[in-house]
Each structure stands twice: as C-alpha cells, then as structure tokens.
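Residue numbers start from 1 in every chain, and the chains themselves are labelled A, B, ... in the order their sequence lines are given, proteins ahead of strands. All values below were derived from every heavy atom in this structure, side-chain atoms included, with hydrogens, water molecules and symmetry-related copies excluded. Values in this document were obtained by computation on a predicted structure and should not be read as measured data.
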Number of protein chains: 2
Amino acid sequence: MTTARTPTGAAPTRGRRAGRSTGDDRETAILATAERLLAQRPFADISIDDLARGAGISRPTFYFYFPSKDAVLLTLLDRVTEEADAAGGVFERLAEDPRAHWRELIARFHATFGGHRDVVLACAQVRGTNAEVRRLWAEVLERWVRAVQAAIEAERARGAAPDGLPARDLAIALNSMNERVWYATFAGDGPAVAERDVVDVLLDVWLIAIYRTTTPPVTASGGTP
Amino acid sequence: MTTARTPTGAAPTRGRRAGRSTGDDRETAILATAERLLAQRPFADISIDDLARGAGISRPTFYFYFPSKDAVLLTLLDRVTEEADAAGGVFERLAEDPRAHWRELIARFHATFGGHRDVVLACAQVRGTNAEVRRLWAEVLERWVRAVQAAIEAERARGAAPDGLPARDLAIALNSMNERVWYATFAGDGPAVAERDVVDVLLDVWLIAIYRTTTPPVTASGGTP
DNA sequence: GACCGCAGTCAACACCGTGTCGAGTCGAAT
DNA sequence: ATTCGACTCGACACGGTGTTGACTGCGGTC
C-alpha cells in the first residue's frame with residue numbers, strides 16, 4: 001500500500017483512504033459538520049446522510065473520505081487528545097510549588113475537555129459500542145496514569161508525600177475520579193459538582209490523597225520552607 | 001388504564017403491558033435469555049429477534065411483553081439497584097468502627113456490581129443513548145451520594161473527620177471514583193486496578209479523603225480508644 | 001352450548017439506516 | 001488524445017425495528 005501522507009503526520013490515517021488533492025476541504029467539511037451537529041443532538045441521532053448532506057456531498061461519497069461514522073468521531077477525538085497531551089510539561093518543576101502545579105495540571109485538562117465537551121461526550125457515548133474509541137481512550141488514560149504515578153513516586157522519594165497505596169493504583173483511582181466527575185459535570189447528568197468548583201474539588205482530593213494535606217511542602221527534600 | 005399489579009409491586013410496570021395470566025414465564029424467559037446472551041456478547045449485538053427466539057417466541061410477540069430491547073435491560077437493572085440499595089443499613093453504627101463499616105459499604109457494592117457485571121456493563125454502554133437508563137442510574141447514584149454526604153457530616157460533627165470540602169462535593173467525587181474504577185476493573189478496559197485489590201484501594205482513598213488517615217478514630221467524640 | 005372477550009400469538013409489511021457496486025465525470029500528466 | 005486516478009453518485013441489498021391485522025384457545029355468562 002501507499003500509506004499516503006496525511007494532515008496528522010505519522011498517524012496511519014483515520015480519514016481519507018489514500019492520495020492527496022482537492023477533496024481536502026470536503027474532509028474538513030465533514031469534520032466541521034460533525035462538530036456542528038454534535039452541539040445540537042447526540043451522536044446516535046446523527047446519520048451518515050446528515051454528515052454527507054451537511055458537507056454538500058452524497059452518502060456514498062462520504063465513504064470515500066471516512067470508512068464509517070465512528071471514524072469521523074475518532075478523528076475529532078485525536079485532535080482533543082493531542083491537545084490534552086500537550087499539557088504534559090507540567091510535571092517538571094513540581095517540587096517548587098506542588099499545589100500550584102497539580103492545580104495547573106487539572107485545570108488544563110478541564111479546559112481541554114470543557115472546550116470540546118461535545119466531542120468528548122459523544123466519545124463517552126460510543127465507547128460502549130466502539131472498540132476503537134475504547135482503545136484510543138485507554139491509551140490516553142494510560143499515558144496520564146503513568147505520568148501521575150511517576151510524579152507521586154517522585155514526591156514520595158523527596159519526602160514530600162507519605163507512602164501508602166501503590167502509586168499506580170492511586171494514580172488510576174484519581175484519574176478515574178476526574179474522568180467521571182468531568183463527565184457528570186459536562187453532561188449535567190446525575191449528581192455533579194458545579195462547573196465553577198470542579199477543579200478545586202478535584203484538586204483537594206488529589207492533594208489529600210497524595211500528601212495527606214492540602215498544603216504540600218515546597219522545594220528540596222523534607223520539611224517546611 | 002388498568003395499572004395492573006406487577007411482580008415488582010408499586011412500580012409503573014416496565015415490562016408487560018397489562019393484565020396477568022400465564023405469559024409470566026415468557027416474560028421471565030425473555031429476561032433470562034437477555035442475561036444469558038449478555039454474558040456472551042455486548043448488548044448492541046443482541047437483536048430483539050435473538051431475545052424472542054431465545055424465549056421461544058416470535059419477534060412481534062416480544063413486543064407484547066416489552067416495549068423495546070432497552071426496557072428489558074431496565075428491568076434487569078431494577079433488580080440490581082434494588083439489591084444495591086439493600087446495602088443501606090451500614091451507616092447506622094459507623095462510629096463504632098469506621099474503617100470496618102466503610103469497608104463493608106464498599107465491599108457490598110463491589111459484590112453487587114461484580115455479581116451482575118454483565119448487566120451493569122451493558123447499562124453503562126446504553127447510558128449514552130438511553131435517557132431512561134441515564135435517569136435511573138442518576139437516581140441511584142443520588143441516593144448514595146446523599147447517604148455518604150450525611151455520613152461524612154456526622155463524622156465531622158463527632159470530631160472524627162476534619163472539615164474541608166463541602167460534604168456533598170466530596171461524596172460525589174468519591175462515588176464517581178468508585179463507579180469509574182469498578183467499570184474499568186470489570187470491563188478490563190484501560191488502566192484498571194486488579195479485581196483482588198480494588199476494594200482496599202478504594203477504601204484507602206475514601207478514608208484518607210474523609211479522615212486524612214487510614215485509621216480513623218473509634219467510638220464517641222474525640223480521640224483514640 | 002352458543003357466544004363473548006381477551007390474553008396471547010405470529011406472518012407480513014412499511015420503514016429506515018448502513019454499506020457496496022458499478023457506472024460515470026473531470027483534470028493533470030504523458 | 002489518451003490514459004489514469006481522484007472523485008462522485010444513483011441504485012441496490014441487507015438487516016434491524018416497530019406495527020398491523022388476523023388468528024387461536026380458554027374462561028366466563030346467559
């Protein structure tokens with residue numbers, strides 16, 4: 001096969017089948033239509049025909065650009081996870097002001113998910129039925145769990161955080177909490193924390209779970225400054 | 001209408017349309033088939049025809065008993081939530097041994113969900129597309145959040161737990177964490193805590209988040225025994 | 001003991017969304 | 001001018017859903 005270059009660089013192209021050329025705008029038109037419709041109604045209520053008509057093409061032509069409706073969503077999700085992963089550098093100078101850095105981390109996630117809530121919500125909905133979405137989401141989560149696990153271990157090593165649960169288990173629990181709480185908050189579904197407060201609530205639980213206090217010690221190893 | 005009596009007492013009957021009579025076993029046959037098939041493949045891959053044939057009836061006859069495929073799942077979910085709610089009495093003598101009681105609470109939930117994981121997983125999958133499932137689940141969660149919130153406030157009142165986050169927000173965060181962690185563990189999907197450890201991991205986070213320690217003070221107000 | 005009504009049953013149908021196939025158009029390169 | 005491949009769509013086959021209308025058999029009732 002030709003593994004043609006794609007807008008997203010190295011990725012094995014979730015979108016167009018091959019080649020390059022004019023239809024690039026068609027592809028983005030489909031994506032844009034999907035995002036627009038997603039703001040109006042749930043993913044399940046959007047047919048391929050809707051997407052095609054919205055992009056000014058016929059249904060068979062849609063299949064030239066995407067193998068399925070889900071693939072469109074996957075492409076949209078790729079963008080979001082890319083943006084989320086970009087929040088990675090936060091861990092570097094954690095010890096200088098742990099509280100501020102953890103907050104920054106959570107706040108960035110919140111901003112990313114909140115800024116694309118329609119896409120994220122739609123993904124949560126199809127995660128049940130689509131293995132590919134499930135896989136991609138699991139990957140993203142795994143990266144974040146690993147990063148948080150490493151940060152917790154570092155904080156324990158420098159004496160700022162006490163020992164306790166295996167760092168990985170703790171990281172999984174905290175990330176899971178965030179995911180579910182955000183979902184409820186953005187979906188307005190079931191008991192939810194007010195959107196205004198959600199970052200601070202999550203932060204508090206994180207700090208207490210990791211440090212046993214909401215004011216973790218700053219800089220070098222050991223005690224208070 | 002006649003609002004005929006149903007097996008589940010007062011509920012506005014999720015199942016059969018009206019009346020009584022012989023077809024009771026057909027109804028349970030459908031339910032049993034659903035549970036059996038759910039153990040084999042995801043809910044979305046089960047058609048109404050599968051359910052009907054499994055119960056020894058034709059597809060139109062299925063509609064005599066249930067208005068839709070989702071209604072079958074809802075009926076199954078009703079049973080599970082009933083069982084989960086039965087774990088309610090745990091809060092009563094909490095102060096006598098907080099750790100043991102919180103553990104009991106979490107363990108009971110774990111047992112209930114684990115014992116019906118196929119149903120619970122299926123519900124999680126259709127929650128995205130079915131408002132009724134979403135509503136019912138939200139109700140259950142809300143009951144639990146309220147109970148936990150009240151317990152936290154009581155522990156704070158007796159001086160066993162320090163002040164901090166609003167009790168409701170904390171209760172939401174902790175319940176959300178549990179839900180998501182269980183989901184991952186039972187579904188084997190994405191980063192998950194080992195099933196053996198999951199109760200203890202969750203318990204640890206709960207205790208630390210509520211008491212700032214994994215060994216909360218026992219009995220009456222104040223200090224160690 | 002004919003009749004009614006109703007729980008229970010299903011063949012057949014109408015409908016909708018998906019995915020595919022084959023026949024095309026058109027512009028750039030040869 | 002022809003060829004090639006990107007691109008397009010009408011028309012179809014398929015599978016699942018939900019409904020209709022006709023049928024069966026049984027308990028009650030005059």
Side-chain angles (χ1 to χ4, degrees), chain A residues 1-7 13-31 33-34 37 41-74 122 125-126 128-132, chain B residues 1-7 13-31 33-34 37 41-74 122 125-126 129-130 132:
Chain A
M1 63 160 87
T2 34
T3 52
R5 83 215 73 171
T6 61
T13 193
R14 186 106 55 211
R16 184 125 87 293
R17 302 218 233 270
R20 63 177 77 193
S21 83
T22 86
D24 244 13
D25 36 351
R26 292 289 154 96
E27 191 171 327
T28 57
I30 293 172
L31 259 5
T33 303
L37 294 184
R41 53 179 191 271
F43 188 66
D45 292 359
I46 299 173
S47 73
I48 290 182
D49 206 48
D50 294 332
L51 258 21
R53 292 194 178 288
I57 55 176
S58 74
R59 205 162 52 78
T61 301
F62 168 91
Y63 287 101
F64 181 81
Y65 292 100
F66 293 95
S68 71
K69 198 174 67 162
D70 289 4
V72 176
L73 191 55
L74 238 0
Q125 284 169 215
V126 300
T129 54
N130 183 305
E132 185 73 5
Chain B
M1 66 159 84
T2 34
T3 53
R5 83 216 75 172
T6 61
T13 192
R14 186 106 56 210
R16 184 125 89 291
R17 302 217 232 270
R20 64 177 76 197
S21 85
T22 87
D24 245 13
D25 37 350
R26 292 289 151 98
E27 191 172 326
T28 57
I30 293 173
L31 259 4
T33 304
L37 293 184
R41 54 179 189 272
F43 187 66
D45 292 0
I46 299 173
S47 73
I48 290 182
D49 206 48
D50 294 332
L51 258 20
R53 293 196 177 288
I57 55 177
S58 74
R59 204 163 53 78
T61 301
F62 168 92
Y63 287 101
F64 181 82
Y65 292 100
F66 292 95
S68 71
K69 200 174 66 162
D70 288 5
V72 176
L73 190 56
L74 237 1
Q125 283 168 218
V126 300
T129 54
N130 183 306
E132 185 72 6

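With rounding to whole Å, B:Arg53 atom CZ is found 13 Å from D:dG16 atom C1'. Distance B:Asp45 CG to D:dT17 P: 11 Å, rounded to the nearest Å. The interatomic distance linking A:Asp25 (CG) with D:dA6 (P) rounds to 16 Å, in whole Å. Separating the CG atom of B:Asp70 from the P atom of D:dG18 is a distance of 9 Å, rounded to the nearest angstrom. Rounded to whole Å, atom P of D:dG16 lies 14 Å from atom CZ of B:Phe43. Between the CZ atom of B:Arg26 and the C1' atom of C:dC10 there is a distance of 12 Å, given to the nearest Å. Going from atom CZ of B:Phe66 over to atom P of D:dG18 covers 14 Å, rounded to whole Å. Spacing between atom CG of B:Asp50 and atom C1' of D:dG16 amounts to 11 Å, rounded to whole angstrom units.
Two residues are said to be in side-chain contact when any heavy atoms from C-beta on lie closer than 4.5 Å; A:Tyr63 and A:Ile48 meet this criterion. Within the 4.5 Å cutoff, the side chain of A:Val72 has heavy atoms near those of the A:Phe62 side chain. A 4.5 Å side-chain heavy-atom check between A:Thr33 and A:Ile30 finds every atom pair outside the cut-off. The shortest side-chain heavy-atom distance between B:Asp70 and B:Glu132 does not fall under the 4.5 Å cut-off.
Side-chain N or O atoms of A:Lys69 include one that pairs as donor or acceptor with a backbone N or O of A:Ile46 at under 3.5 Å.
Put simply, B:Thr61 has no side-chain N or O that comes within less than 4.0 Å of OP1 or OP2 on C:dG8.
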Please list, for nucleotides 14-21 of chain C, all pairs of protein and nucleotide N/O atoms separated by less than 3.5 Å.
{"residue": "C:dT18", "atom": "OP2", "partner": "A:Ile48", "partner atom": "N", "Å": "3.2"}
{"residue": "C:dT18", "atom": "O4", "partner": "A:Arg59", "partner atom": "NH2", "Å": "3.4"}
{"residue": "C:dG19", "atom": "OP2", "partner": "A:Tyr63", "partner atom": "OH", "Å": "3.1"}
{"residue": "C:dG19", "atom": "N7", "partner": "A:Arg59", "partner atom": "NH1", "Å": "2.6"}
{"residue": "C:dG19", "atom": "O6", "partner": "A:Arg59", "partner atom": "NH2", "Å": "2.4"}

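Using modelled atom types and a 3.5 Å distance limit, the side chains of B:Ser47 and B:Asp50 yield a donor-acceptor pair.
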